[in-house]
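Before any comments, here is the structure.
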Amino acid sequence: PARPTEILLDGKPVTLVDLSRSGAQICSAFALRPRQHVRLVLRRIEDPPVRVTARIVWSKYEGRTSAPAYRVGLKLAAALPYTAEELLPQLPDNESPAAH
């Protein structure tokens with residue numbers, strides 16, 4: 001996304017970095033481990049949220065910032081019902097990102 005976008009991962013806010021129909025990249029303030037299974041919720045402005053399960057494929061600690069940050073790659077269990085181009089405009093802006 002061109003702007004910071006907050007989504008929920010197991011009920012906790014994370015920042016969406018990249019999204020495709022089969023995967024996503026996020027930044028998280030909390031540690032996530034490869035092979036861990038998680039639930040994503042993409043809250044939309046006007047429509048019901050999109051919910052999907054995913055598996056963490058890779059996780060990288062980025063300790064260069066003042067707060068701990070983890071960059072994480074996710075493989076979605078099922079393809080999203082929308083393309084990223086269709087879905088991203090439906091997601092609300094995030095005024096205070098969880099992490100960068």
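If you read the sequence from its start, that first residue is 1, and numbering goes on from there.
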Checklist entry - So, is the end of the K12 side chain (NZ or CZ) under 6.0 Å from the ring centre of F30 and within 45° of the ring's axis? => result yes
Item to check | Atom pair OH (Y70) and OG (S28), whose distance is rounded to the nearest 0.5 Å | outcome: 8.0 Å
Checklist entry - T53 versus V38: any side-chain heavy-atom pair under 4.5 Å? => result no
Next on the checklist: I'd like to know if L8 and V17 are part of one continuous hydrophobic network [Ile/Leu/Val/Met/Phe/Trp/Tyr, side-chain heavy atoms within less than 4.5 Å].
Outcome noted: no
Checklist entry - Hey, are the side chains of I7 and V41 touching, using non-hydrogen atoms and a 4.5 Å cut-off? => result no
Next on the checklist: Contact between I26 and T15 at the side-chain level, heavy atoms closer than 4.5 Å - yes or no?
Outcome noted: no
Checklist outcome for this item: In this structure, CG of L76 is separated from CG of L74 (nearest 0.5 Å) by 7.0 Å
Checklist entry - Distance-only, no hydrogens or angles: does the Q90 side chain make a donor-acceptor pair with backbone N or O of L87 under 3.5 Å? => result no
Next on the checklist: As a quick check of understanding, evaluate side chain to side chain donor-acceptor pair (under 3.5 Å) for Q25 and R71, giving each step before the final call.
Outcome noted: CA-CA 7 Å; Q25 186 180 138; R71 189 170 293 264; 2.9 Å; yes
Checklist entry - Is R44 close to V50 at the side-chain level, that is, under 4.5 Å between some pair of heavy atoms? => result yes
Checklist entry - Quick one: does D10's side chain have a donor or acceptor within less than 3.5 Å of a partner on R39's backbone? => result yes
Checklist entry - Closest heavy-atom contact between I45 and P89? => result CD1-O, 4.2 Å
Checklist entry - So, for V72 and I56, which heavy atoms are closest and what is the spacing to 0.1 Å? => result CG1-CG2, 3.6 Å
Next on the checklist: Is it the case that the side chain of R21 and the backbone of L80 share a donor-acceptor pair, with hydrogens and angles ignored and the cut-off at 3.5 Å?
Outcome noted: yes
Next on the checklist: To check you understand the geometry: which heavy-atom pair defines the closest contact between L19 and A24, and what is its length?
Outcome noted: CD1-CB, 4.0 Å
Checklist entry - Sub-3.5 Å donor-acceptor pair from the side chain of S59 to the main-chain atoms of L32, do we have one? => result yes
Checklist entry - Does one hydrophobic cluster hold both Y61 and L9, with members joined at side-chain heavy-atom distances below 4.5 Å? => result yes
Checklist entry - Out of curiosity, L42 CG to R51 CZ, how far, rounded to the nearest 0.5 Å? => result 10.0 Å
